[in-house]
2 protein chains.
Amino acid sequence: MPPTPPRPLTLRDVSEASGVSEMTVSRVLRNRGDVSEATREKVMHAAKSLGYVPNKIAGALASQRVNLIAVVIPSLRNMVFPEVLAGISSVLETTDLQPVVGVTDYLPEKEERVLYEMLSWRPSGVIVAGLEHSEASRAMLRAAGIPVVEIMDTDGTPVDAMVGISHRRAGREMGRAILKAGFERIGFLGTKMPLDHRARKRFEGFTEVLAKSGIEIADQEFYSGGSALAKGRELTQTMLERTPDVDFLYYSNDMIAAGGLLWLLEQGIDIPGQIGLAGFNGVELLQGLPRKLATMDAGRREIGETAARIIAARHDDPEAEYEHVVELTPKIDFGDTLKRW
Amino acid sequence: MPPTPPRPLTLRDVSEASGVSEMTVSRVLRNRGDVSEATREKVMHAAKSLGYVPNKIAGALASQRVNLIAVVIPSLRNMVFPEVLAGISSVLETTDLQPVVGVTDYLPEKEERVLYEMLSWRPSGVIVAGLEHSEASRAMLRAAGIPVVEIMDTDGTPVDAMVGISHRRAGREMGRAILKAGFERIGFLGTKMPLDHRARKRFEGFTEVLAKSGIEIADQEFYSGGSALAKGRELTQTMLERTPDVDFLYYSNDMIAAGGLLWLLEQGIDIPGQIGLAGFNGVELLQGLPRKLATMDAGRREIGETAARIIAARHDDPEAEYEHVVELTPKIDFGDTLKRW
DNA sequence: GTGAAAGCGCTAACAG
DNA sequence: CTGTTAGCGCTTTCAC
C-alpha cells in the first residue's frame, strides 16, 4: 500500500477524530466562546495527536483579519535595520501581531514591488523606512486603508504617520558641536547619496550650519558598495593625501568612521588632537574600538518600538487618536574624538 | 457626504469597471491562458486606474498554492544570517517564490512557535538553520509535506535535505593548521555553547585534533551577549592575565577575534610572532582590520543559494531527484595571523 | 454549550 | 477566446 499522500489536515479531520463539530473544534482551537472542559480536552487531544496545524489562509479569508504587519526596509546588511526590527518585534510580541519583513535594496522600484506583494496579503498595518517613495507606492499605501507608519526620518510629509528623527537637524547639531569644539577644516566622507536620503539630509543640515559660520566643507569623498570598514580606510587615505590640512572628518556612518579611525591611528595621527572624528548611528561595534568615536544615536530601537506601538494601538481601536508625527531627539555622544580639551 | 469606507477592491470591482467577467479579469491579471489584446487592455486599464491589488489570501485558498518559502534563522544581528538570506533571495528572485523570514533567537521553543506560525500559512518550502530542533518541530516539518532544507551544518541527520559544512571537520582542520604552524599553547575563546551547536561542534573537532597530538587546550573563556568586539577585548585580556604564555588564540567567531586583535596590538604584542590568531566565518568586516585575520569562510552565500535552488527545483517538479546531503568545503584563509614564516 | 448554513475572494475545471 | 459553476478551509451568524 502506498503511503497516504501528505494531504494537509483540516478542521474536519480533527472534527471526525474527536466526534465534535467543526465549529466547536474551531472554537476550542481559537479559545473563543464557551466550550465545556470535556469537549475542549477531546478536541485538544485529537488536534495534538494528529499534528493539526490550522490553515491561516482559510482563517484569514473567512474572518477578514490578518495578524501580519508588513515591515519594509532598505537592507539587512546594515545593522541599523535589524535593530529597528528588534524594537518592532519586542512590542509586537506583546500582541498577536507578527512582523513580516521585506527588503528593497534602496531601490524605489523594488520598494514598489515589495509593497504590492506584501499588501496583496492584506496585512493589518505597514511600517516602512523613509519618506521618499514612488507616487504609485504612496497611492497603494493610502488605498490600503490600514495604519501606515513611516520611520527613521521626519523631514517630510507622511502618508499617515511618521516616527523618527530629523536628519537635517542631526546634521546641523553635529555641525554646531564640531564648530564649537574649534575645528575649521572639515572634511565629509560618506555614501553616494542619490538614494540614501537620510545621509543626504544630514549633509545638507551640516553644510548649512557651517555656511552660517562662513565655513565651507574643506573636502568631500564618497563611496558605494564594499566593506564599509575597508572603505573608511580608503576614503580617509584619499582625502588626507589630497587635503592634508583637514582637522576634522565627519563620516556619514560609524562603520566607515571606524575604518578611518583605525587607519589614522596606524599613521600615528593624534586623535582628536590633530584630527577630530565623528560618525553617525551609535552602533554597538564602536564599544570595542581603540577610541570612543563621537557619534549620534538615532534611537533605532526606540523608533521601532514607537512605530509598533502606534500600529498596535490602532489595531486595537481603529478610531483611536494617535500622533501623526513623532520626532525623537538624537543623542549626541562626544566620545573621545570630538572634544579637544 | 462621508468618504467611502476604504473597502478593499475585489476582482468584481475590476470586472464591473471593465465590463469583463471576473474570470477573464483574473486571467489577465495572472497572465494565464489566452486573452485578446483588446480585453487585456480594458482590464489592465481598469485595474490600474482603480488601484486594484489582488487578494493573495483568496487566491492561495482557491488555488492551493502559496509562493512563500519560510526561512527560519536564529538571529539577524549576526551578519552571517543576512548573508545567507542574500544567497537565498538571489536565487528565489529568479523564480516566483518569495522568502519569508522568521527569527528564533537561538531558542528551540521559539523555533517551534515560529515554525508553527509559518507553516500555518502553508508555505511551499522551508529553509531552517541548524539540525537541532525539538521533536515537535521535526514532526511538524515532516508532516508539512513540503520540501525542507536544513542549512549551515551537516553534522547530523536532516529531516529531508541539508546544505552546509561540517563544523566538526572545520574545527579539526583549523586545529591541524595551527599545530602545523608550530603553535602549542592554544587558548579557545567563544560563546557559551549550550545553544550554539555549530560553535560547539567546531570546538569538539578542534580539541579532538589537538588531543591526537597530545595537546590540550591551554585555557578557555566564554561569553554571552554584549558587543562582540568589546567582548573579544575583555575575553582576551582575561585570558592573557590568567595564562600569559599562550601562543595562539582560536576564537569562535571573527567579531570577537577582531576585538582580541585590536587589544593585543594595543598592548604591543607581535601578531603572529608572539601570538597567533584565528577566527571563524570570513566576515567582510575583516577587510578593514590592521592585520588580515586568519579565518575560515563557511560559504554562507553559497549555502543560501544551494538551499534555495533545491527548494526551487522541487517546487517545479516535486518528483525530481535531489541531493539530500550537500556538504560544502570551508576555505581556510591564513591571513597574516596564522603563519609564522 | 453546540451545531448548521452561508460566504470570505479567488481560481480550477469545464462549457461554449 | 470567454463565461459559468463549484468549491478552497475556515469563521460569522444565527438557531437550538
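Side chains are part of it too, since the values below use all heavy atoms of this structure and drop only hydrogens, waters and symmetry mates. Quick caveat: nothing in here was measured; it's all calculated off a predicted structure. Below, read A as the first sequence line, B as the second, and so on, with proteins coming before strands; counting in each chain starts at 1.
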Minimum-distance nucleotide (side-chain atoms of [X] versus [options]):
X	options	result
B/Ala62	D/dC1, C/dG3, C/dT11	C/dT11
B/Val35	D/dC10, D/dT2, C/dC10	D/dT2
B/Met23	D/dG3, D/dT2, C/dC8	D/dG3

Check the phosphate of [N] against [X], side-chain N and O only, distance under 4.0 Å to OP1 or OP2. Yes or no?
X	N	result
B/Ser26	C/dC10	no
A/Arg30	D/dT11	yes
A/Thr24	C/dG3	yes
B/Gln64	D/dG9	yes
A/Arg65	D/dT12	yes
A/Tyr52	D/dC10	yes
A/Thr39	C/dG1	no

Distance check needed: [N] [atom2] versus [X] [atom1], whole Å only.
X	N	atom1	atom2	answer
B/Lys56	C/dT11	NZ	C1'	14 Å
B/Leu11	C/dT11	CG	P	6 Å
A/Asn55	D/dG9	CG	C1'	6 Å
B/Arg32	D/dC1	CZ	P	17 Å
B/Glu22	C/dT11	CD	C1'	11 Å
B/Arg40	D/dC1	CZ	P	11 Å
B/Asp34	D/dG3	CG	C1'	15 Å
A/Leu29	D/dG9	CG	P	16 Å

Quick check: are there more than 12 heavy atoms from other residues, nucleotides or ligands sitting under 6.0 Å from CE of B/Met44?
no
What do you reckon, is CD of A/Glu16 surrounded by more than 12 foreign heavy atoms closer than 6.0 Å?
yes
Is the shortest side-chain N to carboxylate O distance from [X] to [Y] below 4.0 Å?
X	Y	result
B/Asp96	B/Arg65	no
B/Arg113	B/Glu109	no
A/Glu111	A/Arg138	no

Is there a donor N/O on one and an acceptor N/O on the other, under 3.5 Å, for the side chain of A/Arg122 and the base of C/dG9?
no
Nearest-nucleotide comparison on DNA chain D, the residue closer to the 5′ end among B/Ala58 and B/Val20:
B/Val20
Of B/Ser21 and B/Ser63, whose closest DNA chain D nucleotide lies nearer the 5' terminus?
B/Ser21
Test item: B/Val126 and B/Met118 side chains (from C-beta on) under 4.5 Å apart, heavy atoms:
no
